[in-house]
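Presented below is the structure to which this report refers.
Residue numbers begin at 1 in each chain, while the letters A, B, ... track the order of the sequences.
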2 protein chains.
Amino acid sequence: MSFGQSENINTWISQINSEFKTAVSVDCVIFGYDKQHLRVLLLKSDMEPFEDHYSLVGDLVRPDENLDESANRILTERTGLHDLYMKQVAAYSDIGRHPLGRVITIAYYSLVKLDKDLLDIAKNNKNLKWKKVKDIDKLAFDHNDILDDCLSKLKVQLREKPIGFQLLPKKFTLKQLQNLYETVLDLELDKRNFRRKLNALNILIDLDETQSDVNHRPAKLYAFDVEAYRKRKRKGFNFGL
Amino acid sequence: MSFGQSENINTWISQINSEFKTAVSVDCVIFGYDKQHLRVLLLKSDMEPFEDHYSLVGDLVRPDENLDESANRILTERTGLHDLYMKQVAAYSDIGRHPLGRVITIAYYSLVKLDKDLLDIAKNNKNLKWKKVKDIDKLAFDHNDILDDCLSKLKVQLREKPIGFQLLPKKFTLKQLQNLYETVLDLELDKRNFRRKLNALNILIDLDETQSDVNHRPAKLYAFDVEAYRKRKRKGFNFGL
DNA sequence: CCAAAAGTGTTTGTAATACACCCATGG
DNA sequence: CCATGGGTGTATTACAAACACTTTTGG
């Protein structure tokens, strides 16, 4: 950032303290995948005029943290998890977007594996809910815009980078991975082509294990090979789905 | 944005006015293309400890404008032009990024056709300079990070969307367009394949005009067909270079 | 032995790549 | 008539898409 040469430092500081007063917040679109559905963690709003609307989870940015740290803090506070996959998406700044004054918010999306513990946080707190993305209607503030943008970004990234694994358990079957892609991208994929492509990418570890307790032929289990991906990333990588 | 249920409105407002004090700015990476080189409009900084470093052009966000409006204002103030192509890229927020205090900045990149008038703004103002991207070394603040991110974004967008035309005059030759792609993306393209591809895209208007005053066979002139692009955009469009 | 999902190859069409010569103009 | 860049087509290769049957397990 930089300022016109005409302004001096004292003018500038006093401006910030008076008419340029602005709050900065972070809002997180926390995506979770649940074998069937893509979900987002929402919070029941208690703020006029949005009572009983759901909103994204967010908070003001504190003086001792940057935006990434702020997003991480919010994620940990809400989910109890650390080091989630997380991506800054955009800043939202319309004058009237927040009823209490000028609040500019920076949106992040993040990805979590929806296991029982995580589903429980919405049971232990009446105000939290894992809503299916498809079922979300009117949210508080401009959070529908934010959600739409984050979902678009997720879809783009899912096609280009191996981030889908963040939404699955460590060990997964190829069918689970395919289902994830089909659900999130809202399309149908050919089983054989999908498997061939994944095999060619060489980013999966064959665990030599199979499912148990299924009443059909058990599927092989795989894990994401972070190292193999890192090595290949340098010379360009495109998931290409 | 939303806040924990425990906080009430008065707490929150007083927080903004005291410890949450933050300034928000916009910084613009203004790219211009000059037949040979990709350039960025830079400004000589007069701020400690960055005297004589160049910086991006930016300003504080005013109370009556959102970020897009702020970026537009900065662009118009610096270039005299309106309605430039413009894209929000990311927010930068490290604690120590600005010597005068907590300043969170949102970066935009924008594209202009570098004609004589625009080149003159750097001649009429000693502090402004159209620097070749390749020649830029240490900038003030965290502006190298911002520039790098904006350049990456530009490269991605250039491959996917027909934004290159924003850097060229209204009438251009296929060679000029190819040169632009080769320069910005730093690669070599096959002339015949490039022309075939562009022809297939059907987003150019053949103006039935040719260059004049060149000492070789004059090239045909084309213009970007905005309407044709708009119609095809709905059903997906990828420049695919 | 039945139900249910896992696993596996081949063919066909389409898009990307590589490559060399003639053309129009100004000087 | 020469120098300079403009303009054009074809053959090859790699990748994407479409498609059906056999295998393994639990009940």
Side-chain angles (χ1 to χ4, degrees), chain A residues 35-36 155-156 158-160 162 168-169 171-183 185-223 232 235-241, chain B residues 35-36 155 158-162 168-169 171-183 185-223 232 235-241:
Chain A
K35 283 162 193 169
Q36 307 278 357
K155 287 181 181 180
V156 170
L158 201 60
R159 284 175 178 274
E160 293 175 351
L168 290 177
K171 300 175 180 189
F172 53 86
T173 68
L174 292 176
K175 192 68 202 295
Q176 287 175 321
L177 188 60
Q178 185 181 338
N179 281 342
L180 165 66
Y181 273 84
E182 291 181 330
T183 303
L185 298 178
D186 196 27
L187 46 74
E188 292 199 347
L189 294 168
D190 180 90
K191 180 163 60 163
R192 280 173 291 189
N193 292 340
F194 182 81
R195 281 154 187 256
R196 179 178 27 254
K197 171 149 282 175
L198 254 113
N199 194 36
L201 287 174
N202 258 315
I203 51 168
L204 293 187
I205 300 167
D206 183 339
L207 294 173
D208 278 316
E209 289 178 61
T210 53
Q211 290 178 304
S212 49
D213 304 322
V214 286
N215 63 338
H216 54 77
R217 176 172 173 178
K220 294 182 76 174
L221 291 171
Y222 295 85
R232 291 219 284 109
K235 45 176 179 174
F237 180 93
N238 198 314
F239 212 96
L241 271 167
Chain B
K35 282 162 193 168
Q36 308 277 357
K155 287 181 180 180
L158 201 60
R159 284 174 177 275
E160 293 175 351
K161 295 186 177 173
L168 289 177
K171 301 175 179 189
F172 52 86
T173 68
L174 292 176
K175 192 70 204 295
Q176 287 175 321
L177 188 60
Q178 186 181 339
N179 280 342
L180 165 66
Y181 273 84
E182 291 181 332
T183 303
L185 298 178
D186 196 27
L187 45 75
E188 292 199 346
L189 295 168
D190 180 271
K191 181 163 59 163
R192 281 173 291 191
N193 294 338
F194 181 80
R195 281 155 187 254
R196 183 183 18 259
K197 171 150 280 174
L198 254 111
N199 194 36
L201 287 174
N202 257 315
I203 50 167
L204 292 187
I205 300 167
D206 183 340
L207 295 173
D208 278 316
E209 290 179 62
T210 53
Q211 290 178 303
S212 48
D213 304 322
V214 286
N215 63 338
H216 55 77
R217 175 174 173 179
K220 293 182 77 173
L221 291 171
Y222 295 86
R232 293 220 283 108
K235 45 177 178 172
F237 180 93
N238 198 315
F239 212 96
L241 272 164

- Query: Nearest to the side chain of B:Arg196 - C:dG7, D:dT10, D:dA18?
  - Reply: D:dT10
- Query: Once you round it to whole Å, what is the distance between C1' of D:dG27 and NE2 of A:His216?
  - Reply: 13 Å
- Only one of A:Glu182, A:Lys175, A:Gln176 forms a side-chain hydrogen bond (donor to acceptor under 3.5 Å, both in side chains) with A:Gln178, so which one is it? A:Glu182
- Query: Quick one: does A:Arg217 reach the base of C:dA3 with a side-chain donor-acceptor pair under 3.5 Å?
  - Reply: no
- Message: In this structure, how many angstroms lie between the P atom of D:dG7 and the CD atom of B:Gln211, rounded?
- Response: 8 Å
- Query: Got A:Phe239 and A:Arg159 here, is their nearest side-chain heavy-atom distance under 4.5 Å?
  - Reply: no
- Item | Interatomic distance where NZ belongs to A:Lys175 and C1' belongs to D:dT24 [whole Å] | 16 Å
- Item | Between P of D:dT23 and CZ of A:Arg195, the distance in whole Å | 16 Å
- Message: Tell me whether A:Glu209 is salt-bridged to A:Lys171, with the criterion being a basic N under 4.0 Å from an acidic carboxylate O.
- Response: yes
- A:Lys220 has an atom NZ; how far is it from atom P of D:dT25, in whole Å? 13 Å
- Item | Spacing of B:Glu188 atom CD relative to C:dT17 atom P, expressed in whole Å | 14 Å
- Heavy atoms under 4.0 Å, any strand shown: does A:Lys197 hit a base, just sugar-phosphate, or nothing? sugar-phosphate
- Message: Once hydrogens and angles are ignored, does a donor-acceptor distance under 3.5 Å link the base of D:dA18 to the side chain of A:Asn193?
- Response: yes
- Task: Measure the distance from CZ on A:Phe194 to P on C:dT8 and round it to the nearest whole Å.
- Result: 14 Å
- Message: Let me spell it out: for each of B:Asp190 and A:Asn215, pick the nucleotide of DNA chain D with the closest heavy atom. Which residue's pick is nearer the 5' end?
- Response: B:Asp190
- Between the base of C:dT10 and the side chain of A:Arg192, is there any donor-acceptor pair under 3.5 Å? no
- Query: What's the shortest heavy-atom distance between B:Leu189 and B:Tyr181, and which atoms?
  - Reply: CD1-CB, 3.8 Å
- Mind calculating the distance between CG (B:Asp213) and P (C:dG26) to the nearest angstrom? 8 Å
- Task: Would you kindly compare B:Thr173 and A:Val214 by the position of their nearest DNA chain D nucleotide and give the one closer to the 5′ end?
- Result: B:Thr173
- Note on the structure: dist A:Tyr222:OH -> A:Asn199:CG (nearest 0.5 Å) comes out at 7.5 Å
